[in-house]
A.B. asks: 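The structure that follows is given in the form of structure tokens.
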Number of protein chains: 2
Amino acid sequence: MDPAKPSQVLLRSLTDEHVLRALMRHRRLTRAELSTETGVSKPTAGESVRRLTEAGLVVDTGERTPGGRGKGRVGSYYSLAPQVGTALAVSIAPEGVVAECVDAYGDLVARAQADVGRPARPDDVAAALVEAVENIEALVKAGGMIEGRPRLAVVSAADPVDRHTGRLLQLPDAPFLLGEIDPVAVLGGHVDGPVHVDNDVNWAAEAERAANPLDDFAYVFLDEGLGCAIVSDGEVRRGHHGLSGEVAHLITVGPQGQAMPLIEVFGVLGLRRAGSTAIDVDRLRDQRPPAVVTAVGGLIAAVTTLIDPELIVIGGRWGTELVDEIAAESAQHPRPVRVRQAAVENEPSLTGARADALQRLRELIIRTEA
Amino acid sequence: MDPAKPSQVLLRSLTDEHVLRALMRHRRLTRAELSTETGVSKPTAGESVRRLTEAGLVVDTGERTPGGRGKGRVGSYYSLAPQVGTALAVSIAPEGVVAECVDAYGDLVARAQADVGRPARPDDVAAALVEAVENIEALVKAGGMIEGRPRLAVVSAADPVDRHTGRLLQLPDAPFLLGEIDPVAVLGGHVDGPVHVDNDVNWAAEAERAANPLDDFAYVFLDEGLGCAIVSDGEVRRGHHGLSGEVAHLITVGPQGQAMPLIEVFGVLGLRRAGSTAIDVDRLRDQRPPAVVTAVGGLIAAVTTLIDPELIVIGGRWGTELVDEIAAESAQHPRPVRVRQAAVENEPSLTGARADALQRLRELIIRTEA
DNA sequence: CCTTCTAGGCAAGGGCCCTGACTAGAATGG
DNA sequence: CCATTCTAGTCAGGGCCCTTGCCTAGAAGG
């Protein structure tokens with residue numbers, strides 16, 4: 001049975017859902033505004049507000065409609081209650097951890113960061129994660145508005161993530177920047193609900209998707225690590241293990257035209273940092289070797305043939321610098337594809353994770369009511 | 001507004017939808033059986049049957065419950081009316097055209113085929129398409145049960161298909177077996193509704209998905225043409241233009257280890273048919289060159305890194321013969337993936353198209369009521 | 001022929017939403 | 001300062017949908 005069983009409670013919960021969504025969009029509304037906004041009649045809207053207030057999801061803000069809007073009786077504004085809770089968005093990168101707490105409006109409640117020395121060691125990273133989240137907790141407590149822990153967390157990590165466990169995974173010969181961390185376990189005690197972990201490039205692609213109405217594109221991330229996120233039919237596709245877009249072993253064109261896994265191209269060009277699995281970004285930016293552009297062109301050709309994106313979005317420190325060369329290379333291919341730089345420049349992964357955290361929080365609020 | 005506006009008509013249409021779906025599953029049911037099957041009360045079920053009978057979607061079959069099932073009063077069986085219509089599933093391949101007409105139960109109403117001489121010329125293929133569909137029409141008319149044209153058509157074509165127009169497309173240097181055909185235009189006069197066209201490999205993957213509960217896999221089709229269908233999160237992903245999986249230009253490992261587009265491997269090995277863009281399957285089966293297996297291994301590696309499937313399914317005449325070699329090759333890779341032969345062996349593309357036609361027809365029936 | 005058992009129908013009731021009218025209450029303007 | 005005007009919110013009535021519980025129809029079994 002796919003569609004819900006018909007019943008009156010279904011109808012009622014649908015009305016409540018409409019009211020809640022309207023309040024999420026507009027922050028505060030009178031009963032009359034809710035009626036026109038949701039399309040239900042005034043008495044129905046009023047009744048829903050009564051129910052939701054009773055349930056503790058909605059509160060009378062005490063504010064009254066300003067006289068400035070005309071004559072007429074003043075109305076009472078209603079908004080979501082603070083008890084609907086908050087969500088945590090966390091970004092874990094070799095540079096450090098950033099954590100944000102957002103409420104159901106998407107407003108930033110608190111933000112904390114914790115840096116990690118280079119090179120990052122797994123223990124340091126995990127410690128920074130705890131530090132950032134505890135700082136968030138302290139800030140929220142100090143604010144005094146909200147009590148209780150976040151209802152969920154969404155985590156971005158700069159490494160491959162196992163879709164089923166949320167653990168970070170090392171793939172053979174591939175860059176592994178953070179080490180074996182289990183964000184679900186680390187955050188377990190700090191969050192009153194599910195912890196969702198995914199790769200930072202997937203989240204950056206999500207942010208890009210939210211900023212642009214594109215249903216099919218690929219986000220190629222070229223920095224210390226190599227990554228590629230696939231957005232197909234309007235959603236990020238993670239693959240069975242969550243490892244889609246982990247392209248280190250993709251076969252591409254090597255410096256002498258030989259077939260070679262992408263990551264090895266950086267090896268033979270001497271562009272991997274000694275004692276580390278990461279790519280040496282600074283040296284690469286100095287040299288700008290054409291062989292790298294050709295190798296990335298092979299990646300783009302593979303994406304084009306397998307995924308057929310409308311667009312390739314390039315991110316990452318050296319990727320954005322070489323975007324013109326990469327675009328020119330792609331234009332030579334038998335099936336050229338448009339290439340451009342990422343539009344979201346400021347904390348793209350955290351932006352995507354935050355948007356997802358907000359969406360999940362809202363869904364949670366509506367489902368707990370229904 | 002994502003969720004439907006709450007109202008009583010919504011409730012009623014939901015009830016009707018449940019009743020229709022139950023009849024689609026069970027072919028014929030009494031009002032009492034409908035009540036227990038859908039979970040709604042007896043009066044509600046009875047009322048819904050009355051409405052749907054009035055609307056011409058449901059009929060009293062005249063059959064009565066057999067006494068054999070116990071004592072008690074006999075009930076009247078209801079089933080979908082013939083007027084709910086039929087759907088067309090068509091497979092277009094170089095060997096010829098097969099068309100089937102199915103009703104809302106998925107029962108075969110009529111089947112016709114029209115062969116095409118080798119080598120196939122576009123005009124011959126288009127003529128065979130018309131012939132097959134006209135034969136179907138004659139058969140349906142002769143049957144006398146159903147009047148009117150099919151309400152939709154789902155077409156499988158053994159070439160790249162433009163997602164927006166449904167036209168067959170020639171890609172540079174890639175095998176092009178059928179030629180520039182526009183199935184939507186050809187079928188326009190024979191179908192009372194939308195015509196959906198897609199690549200045969202995508203439909204074969206759809207059939208494989210229906211037969212297996214796999215959410216993420218790739219279907220690699222190795223025959224005269226090369227194809228690859230991507231199933232991600234439980235659905236076939238077609239890409240922006242509908243050209244996902246058109247892998248002729250994917251860069252892979254050539255016979256001497258050089259980087260080379262997949263289709264060129266067959267060129268340098270002398271495995272493309274003279275005067276044609278197709279692969280010479282017979283010669284390939286004789287020679288079974290290891291270089292081909294290596295090249296296919298590169299394709300699988302690309303799919304694994306970009307899509308992360310749970311499984312690679314191999315189809316096509318020479319693909320299924322070489323499946324063990326391909327599996328062994330894949331096992332050598334840094335990220336091995338399970339490889340097996342396709343489970344659906346009999347007319348896989350038509351099977352997938354038929355399943356989709358059935359699903360779309362059912363959706364159409366329910367939507368027209370609502 | 002009577003009992004038993006199931007299909008189907010009928011009546012009453014509760015709940016949800018809607019319309020239309022009414023009340024509350026503040027700003028405007030003479 | 002008071003009547004007017006205009007809007008927020010409530011109330012009453014009604015329609016519709018679904019449910020429960022009971023009743024009738026009607027065939028099989030003893």
Side-chain angles (χ1 to χ4, degrees), chain A residues 1 3-19 22 26 28-54 58 60-79 369-370, chain B residues 1 3-19 22 26 28-54 58 60-79 369-370:
Chain A
M1 302 276 165
K5 183 158 166 267
S7 74
Q8 317 238 76
V9 303
L10 195 243
L11 227 49
R12 195 177 50 194
S13 74
L14 232 46
T15 300
D16 290 352
E17 175 171 348
H18 274 88
V19 168
H26 294 96
R28 53 169 212 183
L29 294 167
T30 66
R31 289 191 184 87
E33 289 166 340
L34 275 168
S35 169
T36 59
E37 187 68 26
T38 60
V40 305
S41 66
K42 277 195 295 178
T44 301
E47 187 58 19
S48 178
V49 167
R50 198 200 52 71
R51 273 196 303 271
L52 293 170
T53 306
E54 185 119 350
V58 162
D60 185 337
T61 61
E63 300 164 296
R64 299 292 172 255
T65 48
R69 87 148 77 161
K71 315 188 176 181
R73 174 179 173 179
V74 296
S76 321
Y77 277 123
Y78 291 87
S79 66
E369 166 52 5
Chain B
M1 300 278 165
K5 183 161 165 260
S7 74
Q8 317 239 75
V9 304
L10 195 244
L11 226 50
R12 195 176 50 194
S13 75
L14 232 47
T15 301
D16 290 353
E17 176 170 349
H18 274 88
V19 168
H26 294 95
R28 52 169 214 181
L29 293 167
T30 66
R31 289 191 185 87
E33 289 167 340
L34 275 168
S35 170
T36 58
E37 187 67 26
T38 60
V40 304
S41 66
K42 278 195 295 175
T44 300
E47 188 58 20
S48 177
V49 167
R50 199 200 52 70
R51 271 197 304 269
L52 293 170
T53 306
E54 184 119 354
V58 162
D60 185 336
T61 61
E63 300 164 297
R64 300 291 173 256
T65 48
R69 89 148 76 162
K71 313 187 179 182
R73 174 179 174 179
V74 295
S76 321
Y77 277 123
Y78 291 88
S79 66
E369 166 52 6

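Lettering follows sequence order; numbering is per chain, from 1. For the numbers below, each heavy atom of this structure counts, side chains included, while hydrogens, waters and symmetry mates do not.
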A.B. asks: Tell me the interatomic distance from A:Leu14, atom CG, to D:dC17, atom C1', rounded to whole angstroms.
C.D. replies: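 Taking atom C1' of D:dC17 as the reference, CG of A:Leu14 is at 15 Å.
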A.B. asks: Given atom NZ of B:Lys42 and atom P of D:dT19, what is their separation to the nearest angstrom?
C.D. replies: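 Going from B:Lys42 (NZ) to D:dT19 (P), I get 13 Å.
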A.B. asks: Of B:Gly75 and A:Leu11, whose nearest nucleotide on DNA chain C comes first from the 5' end?
C.D. replies: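 Taking each residue's closest nucleotide, the earlier one in sequence belongs to B:Gly75.
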A.B. asks: Under the side-chain contact (heavy atoms from CB on, under 4.5 Å) criterion, do A:Thr15 and A:Thr44 qualify, and how do the steps go?
C.D. replies: CA-CA 8 Å; A:Thr15 300; A:Thr44 301; 3.7 Å; yes
A.B. asks: Measure CD/B:Glu47 against C1'/C:dA7 and give the value in whole Å, please.
C.D. replies: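 In whole Å, C:dA7 C1' lies 17 Å from B:Glu47 CD.
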A.B. asks: Expressed as a whole number of angstroms, how long is the span from A:Arg12:CZ to D:dC17:C1'?
C.D. replies: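 Roughly 15 Å, once rounded to whole Å.
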A.B. asks: Do B:Arg31 and B:Lys42 have side-chain heavy atoms sitting under 4.5 Å apart?
C.D. replies: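 No, side chains not in contact.
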A.B. asks: Start at the 5' end of DNA chain C and walk down; is the nucleotide closest to B:Tyr78 or to A:Ala45 reached first?
C.D. replies: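 Nearest nucleotide further toward 5': that of B:Tyr78.
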A.B. asks: Report the distance from atom CZ of B:Arg73 to atom C1' of C:dT3, rounded to the nearest whole Å.
C.D. replies: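 Whole-Å distance recorded here is 18 Å.
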A.B. asks: Assess, by modelled atom type and distance only, whether the side chains of B:Arg28 and B:Tyr78 contain a donor and an acceptor separated by less than 3.5 Å.
C.D. replies: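 Looking only at side-chain atoms, B:Tyr78 and B:Arg28 do not form any donor-acceptor pair under 3.5 Å.
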A.B. asks: Closer than 4.0 Å, any side-chain N/O of A:Thr15 to the OP1 or OP2 of C:dC17?
C.D. replies: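 For A:Thr15, the contact criterion (side-chain N or O under 4.0 Å from OP1 or OP2 of C:dC17) is met.
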A.B. asks: Nearest to the side chain of A:Thr44, heavy atoms from C-beta on, is which of D:dG9, D:dC18, C:dC18?
C.D. replies: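 My answer, after comparing the listed nucleotides, is C:dC18.
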A.B. asks: Walk me through it: do A:Val74 and A:Thr30 pass the test side-chain contact (heavy atoms from CB on, under 4.5 Å)?
C.D. replies: CA-CA 9 Å; A:Val74 296; A:Thr30 66; over 6 Å; no
A.B. asks: Just compare D:dG9, C:dG8, D:dC17 and give me whichever is closest to any side-chain atom of B:Gln8.
C.D. replies: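 Nearest to the side-chain atoms of B:Gln8, counting from C-beta on, is D:dC17.
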A.B. asks: Starting at NZ of A:Lys5 and ending at C1' of D:dT19, how long is that distance when rounded to a whole Å?
C.D. replies: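 One finds 9 Å between C1' of D:dT19 and NZ of A:Lys5, rounded.
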A.B. asks: Under 4.0 Å, heavy atoms only, any strand: does A:Ser41 hit a base, just the sugar-phosphate, or nothing?
C.D. replies: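 Answer is base: heavy atoms of A:Ser41 come under 4.0 Å of a base.
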A.B. asks: Among C:dC18, C:dC16, D:dG9, find the nucleotide with the atom closest to the side chain of A:Arg31.
C.D. replies: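 So the nucleotide nearest the side chain must be D:dG9.
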A.B. asks: Could you check if a side-chain atom of B:Leu52 sits within less than 4.5 angstrom of a side-chain atom of B:Ser48, using non-hydrogen atoms only?
C.D. replies: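 Yes, close enough: below the 4.5 Å cut-off.
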A.B. asks: Side chain of A:Val40: nearest nucleotide among C:dG8, C:dC18, D:dC18?
C.D. replies: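 Of the options given, the side chain of A:Val40 lies nearest C:dC18.
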A.B. asks: Output the single nucleotide from C:dG8, C:dG20, D:dG21 whose closest atom is nearest the side chain of B:Pro43.
C.D. replies: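 Of all the options, the side chain of B:Pro43 is nearest to D:dG21.
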A.B. asks: For the side chain of B:Ala32, starting at C-beta, report the closest nucleotide among D:dA8, C:dA7, D:dC17.
C.D. replies: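 Selected nucleotide: C:dA7.
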A.B. asks: Rounded to the nearest Å, what distance is computed from the CG atom of residue A:Leu10 to the C1' atom of nucleotide D:dC16?
C.D. replies: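 It works out to 16 Å between those atoms.
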A.B. asks: Could you tell me the separation between the CZ atom of A:Arg64 and the P atom of D:dG9, rounded to a whole number of Å?
C.D. replies: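 One finds 9 Å between P of D:dG9 and CZ of A:Arg64, rounded.
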A.B. asks: Return no unless some side-chain N or O of B:Ser76 is found under 4.0 Å from OP1 or OP2 of C:dA7.
C.D. replies: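 Answer is no, no contact under 4.0 Å.
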